[in-house]
**Q** 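The structure's right below; bear with me while I get my questions together.
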Amino acid sequence: MTDPFALEGHLILVTGASSGIGRCVAIRAAQRGAKLILTGRDEARLAETASQLDGTGHRWVPLDLSRREGLEPAIAEALGGTPPLSGFVHSAGVAPTVLLRDLSAEAAEELMRVNWLSFMALARAICRRGRYAPEMSVVAVASISATAGQTGLSAYCATKGALIAAVRSLAAEYAPRGIRFNCVSPAPVDTPMQHATRERLGDGWYQKEVLDRAKLGTLAPEDVADPILFLLSDASRRITGVNLTIDGGWSFA
């Protein structure tokens, strides 16, 4: 009997693969038999991720998501000579902590470019005929903050809300082609990005906003990566347009 959770024969593109959730997704997908195309801004850290992958045939491509006009040519080059994509995981993103009084229009626009518009550009690039395999699965990493809100993260929350809304519409738009679009929305995850936020806002903020709300314990990258792998696999072949909350009870009183 075929294992519906296996990823043998899948080629998966992962953004933000140089650390955190993206790196964990890549490592665990390779353990299930997938081939990976890794993207991120830091080539050395991408190479470090690649060195931890099981199997062979993986590749990595340095990519700056803030330079949206160059994304489609970069993806076309990255996919040159490869089989069609079976999966795309958009894990890249930035989460600066900025109060409204200190938020400039330029900073808000930059955040939207990296967290949302880059996803739209990449999705458009990979959804061209010949670049995707039948029943390709796209998974975007949003955030529980898009619906629950967090102090100092209004611009970030807005970008993740845009991501969730776009995924729902894209799920409807591309269902006739057999392409699935889903989101995951984790609570704060123990990643380098979260460590940087804790350093900026202090242990008091971290205790109140994260530890006190983490009813089942704080999230590790694998707590998010494993549900993503489910959404990439054939086990979820009839699931599209959902926003899967992964928060250990963080969002309810």
Side-chain angles (χ1 to χ4, degrees), residues 10-23 25-26 29 34-43 45-46 49-50 58-95 109-133 135-143 146 156 159-175 177-185 224-225 228-229 231-232 240-241 243:
H10 287 57
L11 178 65
I12 300 171
L13 170 67
V14 181
T15 68
S18 55
S19 67
I21 295 170
R23 172 176 284 182
V25 167
K35 302 295 184 188
L36 281 301
I37 299 176
L38 314 176
T39 73
R41 287 182 295 181
D42 191 318
E43 186 170 6
R45 289 198 295 164
L46 284 176
T49 300
H58 311 295
R59 62 171 69 179
W60 63 92
V61 181
L63 200 60
D64 184 353
L65 295 185
S66 66
R67 303 180 67 175
R68 185 165 49 91
E69 66 282 353
L71 292 183
E72 186 160 346
I75 290 302
E77 182 178 352
L79 296 179
T82 70
L85 281 177
S86 298
F88 166 40
V89 179
H90 185 62
S91 180
V94 292
E109 288 170 356
E110 174 73 5
L111 196 58
M112 192 64 80
R113 276 197 299 272
V114 173
N115 287 4
W116 177 61
L117 287 173
S118 66
F119 167 76
M120 299 295 284
L122 291 171
R124 183 175 63 182
I126 67 173
C127 286
R128 296 189 182 278
R129 295 193 185 278
R131 291 182 181 171
Y132 62 89
E135 300 182 348
M136 180 176 69
S137 174
V138 177
V139 184
V141 179
S143 171
Y156 168 78
T159 66
K160 294 301 187 178
L163 198 58
I164 293 169
V167 161
R168 287 191 179 122
S169 292
L170 291 170
E173 184 174 335
Y174 280 92
R177 296 195 194 179
I179 301 174
R180 298 186 292 118
F181 281 82
N182 293 292
C183 274
V184 296
S185 283
V224 184
I228 290 174
L229 296 190
L231 291 172
L232 290 171
T240 194
N243 176 35

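Fair warning: this is a prediction, and the values are worked out from it, not measured in the lab.
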**Q** Determine whether Thr39 and Leu65 make a side-chain contact, defined as any pair of heavy atoms from C-beta on separated by less than 4.5 Å.
**A**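 Result no, sub-4.5 Å side-chain heavy-atom pair not found.
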**Q** To the nearest 0.5 angstrom, please state how far the CG atom of Leu36 sits from the CG atom of Leu11.
**A**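 Here the rounded value is 8.0 Å.
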**Q** According to side chain to side chain donor-acceptor pair (under 3.5 Å), who are the partners of Thr159, at least two apart in sequence or on a separate chain?
**A**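 Here the qualifying residues are Asn115.
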**Q** Side-chain donor-acceptor contacts of residues 163-175 below 3.5 Å, not counting sequence neighbours, with atom names and distances?
**A**
none

**Q** Under 3.5 Å, side chain of Ser143 to main-chain N/O of Ser185, donor-acceptor pair present?
**A**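 A pair under 3.5 Å: no.
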**Q** If the condition is salt bridge (Lys or Arg N to Asp or Glu O under 4.0 Å), which residues does Glu43 pass it with, not counting sequence neighbours?
**A**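 Glu43 satisfies salt bridge (Lys or Arg N to Asp or Glu O under 4.0 Å) with no residue once adjacent residues are dropped.
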**Q** Using 0.5 Å steps for rounding, measure from the CG atom of Leu38 to the OG atom of Ser91.
**A**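 Here the rounded value is 11.5 Å.
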**Q** Would you give the length of the straight line joining atom CE of Met120 to atom CH2 of Trp116, rounded to the nearest 0.5 angstrom?
**A**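 One gets 5.0 Å once the value is rounded to the nearest 0.5 Å.
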**Q** What closest approach, in Å, do Val114 and Gly93 show between heavy atoms, and which atom pair accounts for it?
**A**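 Heavy atoms only, the tightest pair is CG1-CA, 4.4 Å.
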**Q** Could you tell me whether a side-chain N or O of Ser86 sits under 3.5 Å from a main-chain N or O of His10, the two making a donor and an acceptor?
**A**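 No, Ser86 side chain to His10 backbone: no donor-acceptor pair under 3.5 Å.
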**Q** Got a sec, which residues hit salt bridge (Lys or Arg N to Asp or Glu O under 4.0 Å) with Arg124, two or more places apart in sequence or on another chain?
**A**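 Partners of Arg124 by the salt bridge (Lys or Arg N to Asp or Glu O under 4.0 Å) criterion, ordered by chain and then number, come out as Glu72.
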**Q** Listed by chain and number, what are the side chain to side chain donor-acceptor pair (under 3.5 Å) partners of Arg113, not counting sequence neighbours?
**A**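 Scan of Arg113 (side chain to side chain donor-acceptor pair (under 3.5 Å), adjacent residues dropped) gives Glu110.
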**Q** Answer yes or no: is there a donor N or O on one side and an acceptor on the other, between the side chain of Arg131 and the main chain of Ala125, under 3.5 Å?
**A**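 Between the backbone of Ala125 and the side chain of Arg131 there is a qualifying donor-acceptor contact (under 3.5 Å).
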**Q** Can you find a pair of side-chain heavy atoms, one from Pro84 and one from Met136, that are under 4.5 Å apart?
**A**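 No - every pair of side-chain heavy atoms lies 4.5 Å or more apart.
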**Q** Does any part of the side chain of Tyr132, heavy atoms only, come nearer than 4.5 Å to the side chain of Ile126, both counted from C-beta?
**A**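 The answer is no, as the side chains (C-beta and beyond) never meet within the 4.5 Å cut-off.
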**Q** Side chains of Val138 and Phe119: does their closest heavy-atom pair fall under 4.5 Å?
**A**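 Result yes, sub-4.5 Å side-chain heavy-atom pair found.
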**Q** Starting at CD1 of Ile75, measure out to CG of Leu122 and round the result to the nearest 0.5 Å.
**A**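 Spacing of CD1 (Ile75) from CG (Leu122) equals 5.0 Å.
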**Q** To the closest 0.5 Å, what do you measure between CZ (Arg59) and CG (Leu46)?
**A**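 Nearest 0.5 Å value for the CZ-CG distance: 13.5 Å.
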**Q** Ignoring hydrogens and angles, tell me if any N or O in the side chain of Thr240 forms a donor-acceptor pair with the backbone of Phe181 under 3.5 Å.
**A**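 Looks like yes, one N/O pair under 3.5 Å.
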**Q** Checking Arg180 now: which residues fulfil salt bridge (Lys or Arg N to Asp or Glu O under 4.0 Å) with it, not counting sequence neighbours?
**A**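 Arg180 satisfies salt bridge (Lys or Arg N to Asp or Glu O under 4.0 Å) with no other residue.
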**Q** Got a sec: does the CZ of Arg41 have more than 12 other heavy atoms crowding it under 6.0 Å?
**A**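 No, not enclosed.
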**Q** Can you find a pair of side-chain heavy atoms, one from Arg128 and one from Leu79, that are under 4.5 Å apart?
**A**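 Answer no - side chains too far apart.
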**Q** Taking Arg23 for its side chain and Ser18 for its backbone only, find out whether a donor-acceptor pair lies under 3.5 Å.
**A**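 Checked: pair present.
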**Q** Side-chain contact test, heavy atoms from C-beta onward, threshold under 4.5 Å: evaluate it for Val139 versus Val25 and give yes or no.
**A**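 Not touching, per the 4.5 Å side-chain cut-off.
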**Q** What is the distance from atom OG of Ser137 to atom CG of Leu85, rounded to the nearest 0.5 Å?
**A**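 One gets 11.5 Å once the value is rounded to the nearest 0.5 Å.
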